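Computed from a predicted model, the values in this text were never measured in an experiment.
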There are 2 protein chains.
Amino acid sequence: MRLLIARCTVDYDGRLTAHLPSAVRLIMVKADGCVAIHADGGAYKPLNWMNAPNRLIEHDDHWTVTNPKGEQLTITIEEVLSDLSEEMGVDPGLQKDGVEAHLQELLAANPESIGEGLRLVRREYPTDIGPVDLLCRDADGGAVAVEVKRRGEIDGVEQLTRYLDFLNRDPTLRPVRGVFVAQEIKPQAKVLATDRDIGWVVVDYNELRGIESNELRLF
Amino acid sequence: MRLLIARCTVDYDGRLTAHLPSAVRLIMVKADGCVAIHADGGAYKPLNWMNAPNRLIEHDDHWTVTNPKGEQLTITIEEVLSDLSEEMGVDPGLQKDGVEAHLQELLAANPESIGEGLRLVRREYPTDIGPVDLLCRDADGGAVAVEVKRRGEIDGVEQLTRYLDFLNRDPTLRPVRGVFVAQEIKPQAKVLATDRDIGWVVVDYNELRGIESNELRLF
DNA sequence: GTGTATATCTCGGGG
DNA sequence: CCCCGAGGTATACAC
């Protein structure tokens with residue numbers, strides 16, 4: 001990784017055009033070739049960047065970074081304040097816990113926590129426009145499509161609506177009702193779901209993990 | 001800005017829990033207090049981060065970064081390879097051109113470029129589930145809802161469908177037809193729009209800018 | 001502050 | 001390769 005602190009101007013010409021007036025900034029060049037220009041503030045997002053793969057050419061007073069799509073970043077360097085290079089090696093990567101996939105697993109193992117009498121038919125049930133998170137049957141044998149989100153917003157309701165639209169074309173399933181499940185559901189998403197006769201359930205991740213470990217203890 | 005290159009492990013506990021095994025990484029601390037941990041590859045997104053506002057405490061061998069929501073980042077530093085601090089000042093910020101907002105402005109000023117005889121009623125016309133980009137009336141006085149995108153994809157058609165659904169409940173507007181406008185529309189989005197009796201128009205941003213400057217020249 | 005839409009989104013997975 | 005979905009999305013903007 002190379003870390004250059006310099007007074008510079010930057011121009012990006014690609015999916016949009018953008019310009020940075022002269023100021024002191026950090027120019028970060030990573031081992032994979034990607035370039036990012038950071039100001040001394042404003043969260044983690046750089047002001048300008050160019051992802052790998054690309055071609056970086058260092059001219060006398062400016063750099064050009066070009067990618068295969070024809071996007072170009074031009075960095076005009078007016079004054080170098082610091083220039084540091086360091087070998088870092090390959091990173092072992094981030095280990096995550098608590099994302100949607102895990103929530104889906106827990107719900108698949110405990111469909112009763114979505115609705116009484118629910119039994120799982122299958123996870124990632126395929127439709128023509130993508131897989132439904134969970135397909136279940138209720139106590140009366142009716143099909144239930146479940147969309148799982150960590151945070152329930154309007155687009156999740158849209159997604160489930162699309163799936164229901166397709167599932168209800170299948171005579172072996174019809175009629176299919178929908179349930180929207182999340183750790184937190186925004187009021188507008190509840191309104192839209194109710195408006196479309198879609199049920200919604202708020203679940204607690206830690207409580208589900210508790211159920212899971214209790215059940216494990218029984219065996 | 002402080003740039004620390006160190007062998008470290010990192011633990012995040014907040015919206016999820018995540019762990020980074022020991023490796024050499026860049027730890028960036030910006031003037032506004034935000035912290036980002038970068039590997040030597042993988043685009044501009046850091047492996048872990050904590051946005052401002054937060055509280056950074058440097059202990060002997062580890063740092064803790066805590067934000068008001070109770071999320072915490074723990075950086076255990078095993079070996080410091082480099083430690084650089086540099087004053088950069090406030091950045092003048094990025095100047096952009098060609099984003100959706102500009103396209104919407106240009107179309108609002110030239111509704112005729114969407115359809116003959118269209119007149120603008122208002123931009124960001126409010127509905128219960130969010131604002132419609134443009135509400136217009138056509139030559140016959142019929143209401144027209146316009147959704148503007150830079151790149152037209154399926155979710156834009158969904159969005160417009162939602163708005164039309166709500167707008168058509170308003171007796172002073174009904175019937176409202178929809179037009180989907182973008183610089184580029186994906187085939188699937190065209191199919192879905194047509195299927196729902198929604199019109200679609202591909203516009204050229206530079207041409208619109210031309211119309212705009214021509215009109216300005218007339219005055 | 002809440003809620004909604006945008007983003008040069010980034011990133012990963014599947015066909 | 002593109003398409004689609006998730007994200008600790010972040011960020012801007014209207015109400």
Side-chain angles (χ1 to χ4, degrees), chain A residues 10-18 34-37 42-52 54 65 67-73 93-94 96-104 124 126 129-133 147-151 153-156 158-159 162-163 182 186-192, chain B residues 12-18 34 36 41-52 67 69-73 93-94 96-104 122-133 147-151 153-156 158-160 162-163 186-189:
Chain A
V10 185
D11 288 281
Y12 166 74
D13 192 2
R15 279 165 282 185
L16 56 71
T17 59
C34 72
V35 180
I37 292 131
Y44 68 66
K45 196 179 179 183
L47 295 162
N48 256 318
W49 68 91
M50 185 73 84
N51 284 350
N54 62 46
V65 192
N67 75 6
K69 289 180 208 154
E71 297 171 76
Q72 182 164 332
L73 196 65
L94 187 66
K96 287 186 186 184
D97 180 31
V99 291
E100 187 199 299
H102 201 165
L103 187 57
Q104 196 197 103
E124 304 289 347
I129 51 162
V132 183
D133 285 340
E147 175 65 30
V148 180
K149 290 278 179 222
R150 211 165 43 79
R151 282 167 29 195
E153 299 180 17
I154 270 184
D155 58 346
E158 292 288 12
Q159 204 178 329
R162 272 194 316 264
Y163 292 144
K186 294 279 169 77
Q188 303 272 12
K190 291 183 184 176
V191 169
L192 188 63
Chain B
Y12 165 75
D13 193 2
R15 279 168 282 185
L16 55 70
T17 60
C34 71
Y44 71 64
K45 197 179 179 182
L47 294 162
N48 254 318
W49 68 92
M50 185 72 84
N51 285 348
N67 76 4
K69 289 180 210 154
E71 298 170 76
Q72 183 165 331
L73 197 65
L94 187 65
K96 289 184 186 186
D97 182 31
V99 292
E100 187 199 299
H102 296 154
L103 189 57
Q104 196 197 105
R122 111 162 241 201
R123 283 174 63 187
E124 303 290 347
Y125 185 93
T127 77
D128 286 351
I129 51 161
V132 183
D133 285 339
E147 176 64 31
V148 180
K149 289 278 181 224
R150 209 160 43 81
R151 283 167 32 196
E153 301 180 19
I154 270 186
D155 59 345
E158 293 286 15
Q159 203 177 329
L160 180 52
R162 224 155 53 217
Y163 293 145
K186 293 280 169 78
Q188 296 194 337

Using atom P of each nucleotide, how far apart are D/dT11 and C/dC11 to the nearest Å? 15 Å
By the 4.0 Å heavy-atom rule, please label A/Glu153 as base, sugar-phosphate, or nothing. nothing
Length of the line joining B/Asp155:CG and D/dC4:C1', which is rounded to integer Å: 11 Å
For A/Leu94 versus A/Lys96, what's the shortest heavy-atom pair and its separation? CD2-CE, 3.7 Å
Sugar-phosphate atoms are those with a prime plus P, OP1 and OP2; base atoms are the rest. Using that split, label each nucleotide of nucleotides 8-15 of chain C B, S or - for protein heavy atoms under 4.0 Å, 5' to 3'. BSSS----
Rounded at 0.5 Å granularity, tell me how far CD in B/Glu147 sits from CD in B/Glu158. 12.0 Å
Any residue meeting side chain to side chain donor-acceptor pair (under 3.5 Å) with A/Asp133, in chain and number order, not counting sequence neighbours: A/Gln104
I need the CD-C1' distance between A/Glu158 and D/dG5, as an integer number of Å. 15 Å
Taking atom C1' in both D/dG8 and C/dG14, compute the distance separating them and give it to the nearest angstrom. 25 Å
Please classify the nucleic acid contact of B/Tyr163 as base, sugar-phosphate, or nothing, using heavy-atom distances under 4.0 Å. sugar-phosphate
Any side-chain N or O of A/Gln159 under 4.0 Å from OP1/OP2 of D/dA6? yes
Those residues at least two apart in sequence (or on a different chain) that pass ring-ring contact (aromatic ring centres under 6.0 Å, His included) with A/Tyr44 are B/Trp49
Please tell me which of A/Pro187 and B/Asp133 maps to the more 5' nucleotide of DNA chain C, matching each residue to the nucleotide holding its nearest heavy atom. A/Pro187
List for me each residue that meets side chain to side chain donor-acceptor pair (under 3.5 Å) alongside B/Glu71, sequence neighbours excluded, and say none if there are none. B/Tyr12, B/Arg15, B/Asn67
Would you mind reading off the distance between B/His102 atom NE2 and D/dA12 atom C1', rounded to a whole angstrom? 13 Å
Using side chain to side chain donor-acceptor pair (under 3.5 Å) as the criterion, list what pairs up with A/Asp11, not counting sequence neighbours. A/His19
Taking only side-chain N and O atoms of B/Arg162, does any of them lie within less than 4.0 angstrom of OP1 or OP2 on C/dA5? yes
Across all chains, not counting sequence neighbours, the salt bridge (charged side-chain N to carboxylate O under 4.0 Å, His left out) partners of A/Arg151 are A/Glu153
What nucleic acid atoms does A/Glu124 come within less than 4.0 Å of, heavy atoms only: base, sugar-phosphate, or nothing? nothing
